[in-house]
Protein chains: 2
Amino acid sequence: METAERLIRSTQRLLWERGYVGTSPKAIQRDADAGQGSMYHHFSGKAELARTAIERSGTELRAAAEEQFAGPGTATERITLYLARDRDVLRGCRIGRLTADPDVLADPVLRAPVADTFAWLRTRLAEIIAEGKRNGEYPDRLDPDRTAATVAAVLQGGYVLARAAGDDAPFELAVQGLVDLLRGVT
Amino acid sequence: METAERLIRSTQRLLWERGYVGTSPKAIQRDADAGQGSMYHHFSGKAELARTAIERSGTELRAAAEEQFAGPGTATERITLYLARDRDVLRGCRIGRLTADPDVLADPVLRAPVADTFAWLRTRLAEIIAEGKRNGEYPDRLDPDRTAATVAAVLQGGYVLARAAGDDAPFELAVQGLVDLLRGVT
DNA sequence: GTCTATAGCGAGATAGAC
DNA sequence: GTCTATCTCGCTATAGAC
C-alpha cells in the first residue's frame, strides 16, 4: 500500500482509539511505518491528516449504514438490523467519539465531516420512519425527526454506557429497549 | 476557598471540557490560581487529582438526578423531568465524556467512579420503570432494565448529536422522541 | 519521496529553599 | 504550605541532505 494511504488509515485508527488530542504525528508515523519527512511530504501536518481521515471515516460510516437501510423489510426491521449489526461495541463510534474532542469541535474544517455524518444519519432514519408511517407500521402521530434522533442517540449513548461498564451488555439492553418501544408504539 | 478545594473544582471543570489527556497539571494550577509546589503538596499528581475530581462529579451527578427521581408524579413524568431538566447540553456529560478517554478506561482507579455512576443511574431508572409497571402505567411486557438503558443512552447520545451539530436541537428531538415512545407504548 | 538533524515548546514531576 | 529552579521527555514542525 502507498505511504499516504497507510498514513490515512493509521490516523483513522488512532483517532478512533485516542482522539485528536491524544494522537501525535509520531504515533501515526510509527503505526504507518512511515518516516517524519514522509508524512510532512504528503500532508501539511496533523490537522490536514486528521481532516482526510475523518472525512474518510464519515464516508465509510454512511456506506455501512446504507447497507442495512437500503435492504428489504419493514422500517422497524431495517432499523433493528442497523442497530443490531455486528459492531465492535467497546471501541465505540469513530465519528461520535470526536465530539468529545474540543479541538475538533473548535476547528470548522475538522468539525464539518462530523456534523455532516450525523445530519445525514438523522435524515436517512427519518425517511425510513416516514415510510413506516405511510405503510401503517407506525401511528400517524409519530414524529419522524424526533424518532430518528432517538434512534441515533440510543446508538451513540449505548456506546458510552458499554464503554463505562467495560461490557457490551448495556449497549445491547439499550438497543433492545428501543426496539421494544418501537414495536409497542400505537 | 481552600487551595485543595479550588484544585479539585478546576480539575472537574477541565476534565469536563478537555478530558484527561487534554488536561495538564499546569492548566489546573493556572485555573485554580495555585502554584506548582502547592498542587504537588496536596495531591501526588495528575492521576490522584483526577480521581478525586471524577468521584466528586459522580456524587454530584447522582444527587442532581435524585432530585427529579425522588419527586412526585408518574414514572414517565419523573423520567421526562429528568431528561428535560435544564442542562448545558453543548457542554455534554461530565462523566460520559470520560468514556472517550482511553487513559481513564485503562486505569481501574479512574474508571471505577465512571462505571459506578452509570450502574447506579441504570438501576435507579429501572426501579422507577418497575414502579410504573406496578401502577399500570406501562404494559407488563416492558423490561425495566432494557428501558432504563435506553433512557440513559438517549441522554448520552443526545449530547453527542448536539455537540456534533453545535446546537441543542438534536438533543431535544431525541428526548422528545423517547418521551413520545414511552407515552405511546402499550 | 524519504531521511536525519534540530528547534521551540509544554507536559509531568522532583528538589530544596523559604 | 507555597515558592522557584531544574529535569527528562515527547509533541509538532522546519531545514536541508540524499
Side-chain angles (χ1 to χ4, degrees), chain A residues 1-56 97-98 100-111, chain B residues 1-56 97-98 100-111:
Chain A
M1 204 190 307
E2 283 137 19
T3 303
E5 180 65 19
R6 287 204 315 280
L7 284 165
I8 294 169
R9 298 200 188 178
S10 289
T11 306
Q12 282 184 284
R13 227 175 43 69
L14 287 167
L15 243 33
W16 191 355
E17 276 174 22
R18 308 199 42 83
Y20 186 75
V21 178
T23 299
S24 69
K26 187 157 295 188
I28 295 169
Q29 293 152 26
R30 201 182 314 129
D31 192 83
D33 195 31
Q36 190 105 334
S38 190
M39 191 199 102
Y40 282 99
H41 170 76
H42 291 288
F43 299 93
S44 67
K46 176 178 171 175
E48 201 209 332
L49 198 36
R51 185 188 126 264
T52 309
I54 296 172
E55 284 172 355
R56 170 85 60 97
R97 197 246 168 272
L98 299 170
D101 225 309
D103 292 8
V104 170
L105 296 194
D107 182 341
V109 170
L110 296 180
R111 176 189 206 133
Chain B
M1 205 190 309
E2 285 139 18
T3 303
E5 180 64 20
R6 287 205 315 280
L7 284 165
I8 294 169
R9 299 202 187 176
S10 290
T11 306
Q12 284 185 283
R13 228 176 41 70
L14 287 167
L15 244 32
W16 190 357
E17 275 174 24
R18 309 199 42 84
Y20 186 74
V21 178
T23 298
S24 69
K26 188 156 293 188
I28 295 170
Q29 293 152 27
R30 201 182 313 128
D31 193 83
D33 195 32
Q36 190 102 334
S38 191
M39 190 197 103
Y40 282 100
H41 171 76
H42 290 289
F43 299 93
S44 67
K46 177 178 170 175
E48 200 209 333
L49 198 35
R51 184 188 126 266
T52 309
I54 297 172
E55 285 173 354
R56 170 85 60 98
R97 196 245 168 273
L98 299 171
D101 226 309
D103 291 9
V104 171
L105 296 194
D107 183 341
V109 170
L110 296 180
R111 178 191 204 132

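To find a chain, count down the sequence lines: A is the first, B the second, and so on, and within it residues start at 1.
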Seminar exercise, completed: Numerically ordered, the residues 1-22 of chain B set in heavy-atom contact under 4.0 Å with DNA chain C is none
Problem set entry | Nucleic acid contacts - residues 29-40 of chain A versus DNA chain D, non-hydrogen atoms under 4.0 Å | A/Gln36, A/Tyr40
For this session: May I have the distance from A/Asp103 (atom CG) to C/dG10 (atom P), rounded to whole angstrom?
Result: 15 Å
Exercise. Going by heavy atoms in the side chains, are A/Glu55 and A/Thr52 under 4.5 Å from each other?
Worked result: no
Problem set entry | Side-chain donor/acceptor of A/Glu5 to backbone N/O of A/Met1, under 3.5 Å | no
Seminar exercise, completed: Rounded to the nearest 0.5 Å, the CD atom of B/Glu48 sits from the CG atom of B/Leu110 at a distance of 10.5 Å
Seminar exercise, completed: Taken to the nearest 0.5 Å, the spacing of B/Asp101 CG from A/Asp101 CG works out to 9.0 Å
Seminar exercise, completed: Separation between CG (B/Leu49) and CE (B/Met39), nearest 0.5 Å, reads 5.5 Å
Exercise. With side chains defined as the heavy atoms from C-beta onward, is the minimum distance between B/Leu14 and B/Asp31 less than 4.5 Å?
Worked result: yes
Exercise. Distance-only, no hydrogens or angles: does the B/Arg18 side chain make a donor-acceptor pair with backbone N or O of B/Thr23 under 3.5 Å?
Worked result: no
Exercise. Could you state the interatomic distance from CG (B/Leu7) to OH (B/Tyr40), rounded to the nearest 0.5 Å?
Worked result: 11.0 Å
For this session: For the residue pair B/Arg9 and B/Arg56, establish whether any side-chain heavy-atom pair is separated by less than 4.5 Å.
Result: yes
For this session: Return yes if some donor-acceptor pair links the side-chain N/O of A/Arg51 with the main-chain N/O of A/Val109 below 3.5 Å, else return no.
Result: no
For this session: Kindly state which residues belonging to residues 42-55 of chain A come within less than 4.0 angstrom of DNA chain D, counting heavy atoms of the residue only, listed by number.
Result: A/Gly45, A/Lys46
